[in-house]
Amino acid sequence: MLPMASRKMAAVGLLALFGCFVLAASLSDTVFYDNFDEDFDGRWIVSQSSDYGGTWKHAKSEGHEDYGLLVSEKAKKYGIAVDLPEKVDPKDGAVVLQYDLRLQNGLECGGAYLKFLQPQEAGWTANDFNNESPYSIMFGPDKCGATNKVHFIFRHKNPKSGKYVEHHLKSPPTPVGDKLSHVYTAVIYPNNTLKLLIDGEEKKTANLLSDDFEPAVIPPKTIADPEDKKPEDWDDRAKIPDPDATKPDDWDEDAPREIEDDEAEKPEGWLDDEPDEVDDPEATKPEDWDDEEDGEWEPPKITNPKCEEAPGCGEWKRPMKKNPAFKGKWRAPMIDNPAYQGIWAPKQIPNPDFFELEKPNLEAVAAIGIEIWTMQDGILFDNILVAHDEAVAEEYRKTTWEPKHTVEKEKEAAEVKKADEKDEKTSLDSIKEKVFEALNKVSDVPFLAPYKEQIDDILEKAEKNSNITLGVLATIPVLLFTILFSLCFGKKKTAPTTEAIKKEDLVTADDVAAAKEESEEEQEQAGEIKKEGDVGVSARRRPRRDS
């Protein structure tokens, strides 16, 4: 039996060997992959067609060190293509098409899809690549006006007519509209199934040979006979006017729909001589106004302030009301048509173009092209993949797209949080400003005059120091309530009569001055006593000055 260490080493070796087999299998299933870490020049060929003036750039994805193929200018047509190392024939097995897309400035009107092109023997070259270059599959987002979808279109050669027909996926998924990186995947299986994924999540499944596409690949067995014409005497009217009906004698076709309301009365206070609008009295003629070039200056109009307080201005007119005598144009009532023959339709004949297929005749793919027109810049293509195994696409999503997307989501969440906090702070500041404005007005109420200085001092400190603002907002209402309660329910003292006032109780200006002087002397004496106490001298209070 092998020692434990040897067994562990053997297990690690087997795992490493298995990993190598998996990697080798993945690489063998990858037909084409471009992550644009290196400049695309030399691999991709920019169309030299005069219509395609947009400049492609090798650029970093915003906020990353990762590079991609960038649409750098607005309102331009773009064309670029690259050959695959080998042809890919969907009839030979599964085909996986995948790429990352980031709309860094959004997408209001334009395409962001890829074209998977037929071999150049079909009649095109990379230098003159354009919208007529034959493709097998077109896949990816497109948005403009009412269009906002992830296209999947394939060109199919009708085996009967020999003509190519574009078949569009019905009810395709909607592309993601934010400014983050997203990955679009299309998988075509040997059983004619199509699966579309966005960010690895399945969004649409369809059958290439079903009516999931418009038009369907397999035509109907029968069609309307193009030679069959509707007979001239064919009556397909289900209802007809009653030929025996007559207009009643009292039917007045000329009666108006509405008449003046005779019972209406002009509201009291209506200003007949006031216009609805008047010149703005605060408007002034601009200094740079030139009467010769700009014409005679006229002040702008504003709503007449007098009309805002009145029920109305200008000439008063009676309102209109429905005319009870109105009947409108007389028409005979409808009855069943005795000669009705039903809705005519041409007869059906066998469709000469009908055929049956077990698999669609998808053309082989030999190149990838990006041929778009867009009003936006900032469109970044990355990690373009053509493979045979769906697991390969999943692995690329995990290792290339997912890390980028995670970073972008976290950054977006942080920015949203910061914006929300800013909005919340702005909202609180606005509320605070209104509250302090109201409290400042309250402090000016006459019966609070004795407390105004205290209230103003508290409000001033609170406005300057945000840390005590909430405490003040809670304290002020309590303080005001206390003052009001004291004023309303406090004990009232009976005013003394003139006879009760003694002469010695009267306070004069001299008394006030003497009291002040005595207070100052007492403070001075207290200072001296403290000083004497410090040196061991017994303290003695000075006698109070006689008043």
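Every value quoted in this text rests on a predicted model; they were computed, and no experiment measured them. The first residue in the sequence is number 1, and the count goes up from there.
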Participant: Does the distance from a Lys or Arg side-chain N to an Asp or Glu carboxylate O, for Asp336 and Lys239, drop under 4.0 Å?
Facilitator: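 Yes.
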Participant: Run the numbers on Thr30 and Val386 for side chain to side chain contact (heavy atoms under 4.5 Å, CB included), then give the verdict.
Facilitator: CA-CA 6 Å; Thr30 301; Val386 178; over 6 Å; no
Participant: Tyr99 versus Leu114: any side-chain heavy-atom pair under 4.5 Å?
Facilitator: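 Contact flag for Tyr99/Leu114 side chains = yes.
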Participant: Less than 3.5 Å apart, any donor N or O on the side chain of Tyr135 or Glu166 sitting next to an acceptor on the other?
Facilitator: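 There is such a pair (donor and acceptor under 3.5 Å, judged by atom type) between the side chains of Tyr135 and Glu166.
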Participant: Quick one: do the Asp382 and Asn35 side chains pair a donor with an acceptor below 3.5 Å?
Facilitator: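 On atom types as modelled, these side chains do not qualify, holding no pair under 3.5 Å.
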Participant: Please assess Tyr33 against Asn383 for the test side-chain hydrogen bond (donor to acceptor under 3.5 Å, both in side chains), listing each intermediate value before the final yes or no.
Facilitator: CA-CA 7 Å; Tyr33 175 69; Asn383 297 313; 2.5 Å; yes
Participant: Which label fits His156 and Phe355: parallel for a plane angle under 30°, tilted from 30 to 60°, or perpendicular past 60°?
Facilitator: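 The rings of His156 and Phe355 lie parallel, inter-plane angle below 30°.
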Participant: For the residue pair Phe154 and Phe152, categorise the inter-ring angle as parallel (less than 30°), tilted (30 to 60°) or perpendicular (more than 60°).
Facilitator: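 Rings of Phe154 and Phe152: tilted, 30 to 60°.
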Participant: Could you tell me whether the side chain of Lys170 and the main chain of Asp211 form a donor-acceptor pair under 3.5 Å?
Facilitator: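 Checking the backbone N and O of Asp211 against the side chain of Lys170, a donor-acceptor pair under 3.5 Å is found.
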Participant: Is a donor from one side chain sitting under 3.5 angstrom from an acceptor on the other, for Asp51 and Ser49?
Facilitator: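 Ser49 and Asp51 do not have a side-chain donor-acceptor pair below 3.5 Å.
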Participant: Do Asp377 and Asn105 meet the criterion of a side-chain donor-acceptor pair at a distance under 3.5 Å?
Facilitator: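 The criterion, which ignores hydrogens and geometry beyond distance, is satisfied for Asn105 and Asp377.
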Participant: Does the pair Arg43/Asp34 count as a salt bridge with the N-to-O cut at 4.0 Å?
Facilitator: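 Result for this pair is yes, salt bridge flagged.
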Participant: If the condition is salt bridge (charged side-chain N to carboxylate O under 4.0 Å, His left out), which residues does Glu363 pass it with, not counting sequence neighbours?
Facilitator: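 Once residues adjacent in sequence are excluded, Glu363 has no partner under the salt bridge (charged side-chain N to carboxylate O under 4.0 Å, His left out) criterion.
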Participant: If you define the side chain from C-beta out and look only at heavy atoms, does anything of Glu108 sit under 4.5 Å from Gln376?
Facilitator: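 They are in side-chain contact.
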Participant: Quiz question: by atom type and distance under 3.5 Å, do the side chains of Asn127 and Thr125 form a donor-acceptor pair?
Facilitator: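 There is no such pair (donor and acceptor under 3.5 Å, judged by atom type) between the side chains of Asn127 and Thr125.
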Participant: Can you tell whether the side chains of Lys77 and Glu371 come within less than 4.0 Å, N to carboxylate O?
Facilitator: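 No, no charged N to carboxylate O under 4.0 Å.
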Participant: With side chain to side chain contact (heavy atoms under 4.5 Å, CB included) as the criterion, how do Ser61 and Gln104 come out once you've worked through the C-alpha distance, each side chain's angles and the decisive distance to 0.1 Å?
Facilitator: CA-CA 8 Å; Ser61 180; Gln104 297 179 129; 4.0 Å; yes
Participant: Looking only at side-chain N and O atoms, does Glu202 offer a donor or acceptor that is under 3.5 Å from a partner on Thr205?
Facilitator: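 Side-chain D/A pair, Thr205 to Glu202: present.
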Participant: Using a strict 4.0 Å threshold on nitrogen-to-oxygen distance, state whether Lys230 and Asp236 make a salt bridge.
Facilitator: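 Here Lys230 pairs with Asp236 in a salt bridge, since their nearest N and O are under 4.0 Å apart.
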Participant: Within a strict 4.5 Å, meaning less than it, do heavy atoms of the His388 and Val88 side chains meet?
Facilitator: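 With C-beta onward as the side chain, the pair touches.
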Participant: Considering only NZ, NE, NH1 and NH2 on the basic side and carboxylate oxygens on the acidic side, decide whether Lys203 and Glu201 come within less than 4.0 Å.
Facilitator: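 Looking at Lys203 and Glu201, the cut-off is met.
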Participant: Check whether the side chains of Asp199 and His182 place a donor and an acceptor atom closer than 3.5 Å, and report yes or no.
Facilitator: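 Side-chain D/A pair, Asp199 to His182: present.
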Participant: Could you label the plane-to-plane angle of the His151 and Tyr113 rings as parallel, tilted or perpendicular, counting under 30° as parallel and over 60° as perpendicular?
Facilitator: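 Perpendicular: the ring planes of His151 and Tyr113 meet at over 60°.
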Participant: With a sphere of 6.0 Å drawn around NZ of Lys204, does it hold more than 12 non-hydrogen atoms of other residues, nucleotides or ligands?
Facilitator: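 Yes, because the 6.0 Å sphere around NZ of Lys204 holds more than 12 heavy atoms from other groups.
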Participant: Looking at Glu408 and Lys404, is any side-chain nitrogen of the basic one under 4.0 Å from a carboxylate oxygen of the acidic one?
Facilitator: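 Looking at Glu408 together with Lys404, the answer is no, because their closest N to O distance does not fall below 4.0 Å.
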